[in-house]
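Presented below is the structure to which this report refers.
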Amino acid sequence: MGEVSTETTAGGGAAPARLRVLIVTKIFPNALEPLSAPFNRQQFVALSRRCDVQILATIPWFPGGAILQRWSSAGRLGRVPAHDIIDGIPVHHPRFLYIPRVGQSLMGALYAASLLPAVLRRRKTFDVILGSWAYPDGVAAVALGRLCGVPSVVKVHGSDLDVLATRPGPRRNMKLLLPRAQRVVAVSRALGQVAESLGVARDRIDVVTNGVDQELFQPRDRGAARRSLGHGDDRRRWLLFVGRVEEAKGALDLCRAFATSAAAAAGTAVLVMIGDGKAMAACREVTQALGDRVLFAGPRAHEEVATWMAASDALVLPSHHEGTPNVVLEALASGRRVVATAVGGIPDVVNAPELGELVAVSDVTALAGALDRVVAGGDYDPSLVAARGAGAGWDESAARLGRVLARAVQEFHGDKTPEDQPRPATDPSPSA
């Protein structure tokens, strides 16, 4: 139950029919940003093996954006084609009216109004609408679902609630519309509790964590991985950061901590930074004196990240806020220990000393100490880390999401079949 709906055949019997899902999200890959949001891409591709999926991956637009594309990322995205096929899924890129720097209170309404023509054209092609990201995607999905007479489900990820919901305009919109979603999917228990604080009934919140590509991320020989990257002679400990190089991700905290660590001073460790972002210049400045003890490797394809992960000794992610970050799940699946901040769903995953160590947000001194302990701790058995810390694969994650979507349709139409559903966010043992 949960992967199919039913329809009546010409002979009067019931035949299985795949659930039809329309996904609305602004966090999805496109031709100009192919590395964006790999977690959504992987989960929705896995979901498409169970349901009929079409995606409205929105692109911001504002008057004169093309003229300003040199200075505006929204302007540059204007070159994204209107239609695409990504991993076999039809992806459409409708434009939504975006007012830079202002209009946060209006963004949900503008987003929904911009998408309304595209959604109405598809009205008879979907059974449920899924908004992936609370604002504006989620609140717009709720409004559009009501207009079309179909249930809406909102998937929340992390900073969409931890950050955006603290701002007056978005918070008002979320408190008004998120409780009207048929169900809300959170990637961690902590995030589910935030959704509840916004008025979502606890029995409408499901915890469905993201998955891991278990063929790509698994214990591999560290030396062989380094040789494939051209670093076969490097015997130092590698501390790996993967993500947006921004202050909110703790990138600058990490660089400051590493610069003051005993491991950096002794030359026994290397900090490897994969990604790009607004804090890159500040990170380079802080670590300038460390020479080859810091490697800025830039953005990397998901497949390449797996090799860098295998080449490392530990992943470090000192984020200021998170849901359940996929990079942590991928590190554990790769048999690599984790140093991270105790935020969001991370404590649910890094829950034993053999899996890593957690520190407080923005505590640079504590972070430096944790890095030194990782480096001084020596070798460990990656297979034990993977056995204890590896989570579900994407097929299982998508199956759980599919059951939530099917349950939303059943509830909306009055068929409340409760069995075999993901647990609510308040359950002490959430779906993994």
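We count residues from 1, following the sequence as given.
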Quiz item: Would you say the side-chain atoms of R336 pair up with the backbone N or O of S312, donor to acceptor, closer than 3.5 Å?
Solution: yes
Self-check item: Polar side-chain atom of S114 near backbone of F96 as donor-acceptor pair, under 3.5 Å
Solution: no
Quiz prompt | S319 and E322 side chains, donor-acceptor separation under 3.5 Å | solution = yes
Quiz item: Is a side-chain N or O of R95 found less than 3.5 angstrom from the main chain of H93, in a donor-acceptor match?
Solution: yes
Practice problem: Determine whether the side chains of H320 and E246 contain a donor N or O and an acceptor N or O closer than 3.5 Å. | Solution: no
Exercise. Return the minimal non-hydrogen interatomic distance between G149 and F412, and the atom names on each side.
Key: O-CE2, 3.4 Å
Quiz item: Salt bridge or not for D127 and R20, using N-O below 4.0 Å?
Solution: yes
Quiz item: Distance only, no hydrogens: is a donor on one side chain within 3.5 Å (strictly under) of an acceptor on the other, for Q42 and W394?
Solution: yes
Quiz item: Hey, does the Lys NZ or Arg CZ of R337 hover above the aromatic six-ring of Y380, less than 6.0 Å from the centre and inside 45° of the axis?
Solution: yes
Practice problem: Ignoring hydrogens and angles, tell me if any N or O in the side chain of S36 forms a donor-acceptor pair with the backbone of E33 under 3.5 Å. | Solution: no
Exercise. Would you please indicate yes or no on a ring centroid separation below 6.0 angstrom for F39 and H302?
Key: no
Quiz item: Cation-pi between R226 and W238: NZ/CZ under 6.0 Å from ring centre and within 45° of the ring axis?
Solution: yes
Practice problem: Using a cut-off of 6.0 Å, state whether more than 12 heavy atoms not belonging to E215 lie near its atom CD. | Solution: no
Exercise. Give a yes-or-no answer on whether the side chains of H157 and T324 include a donor-acceptor pair shorter than 3.5 Å.
Key: no
Exercise. Indicate whether the side chain of N210 and that of S397 have a donor and an acceptor atom separated by less than 3.5 Å.
Key: no
Self-check item: Main-chain N/O of I346 paired with D348 side-chain donor or acceptor, under 3.5 Å
Solution: no
Quiz item: Any luck finding a side-chain donor-acceptor pair between Q54 and T125 under 3.5 Å?
Solution: yes
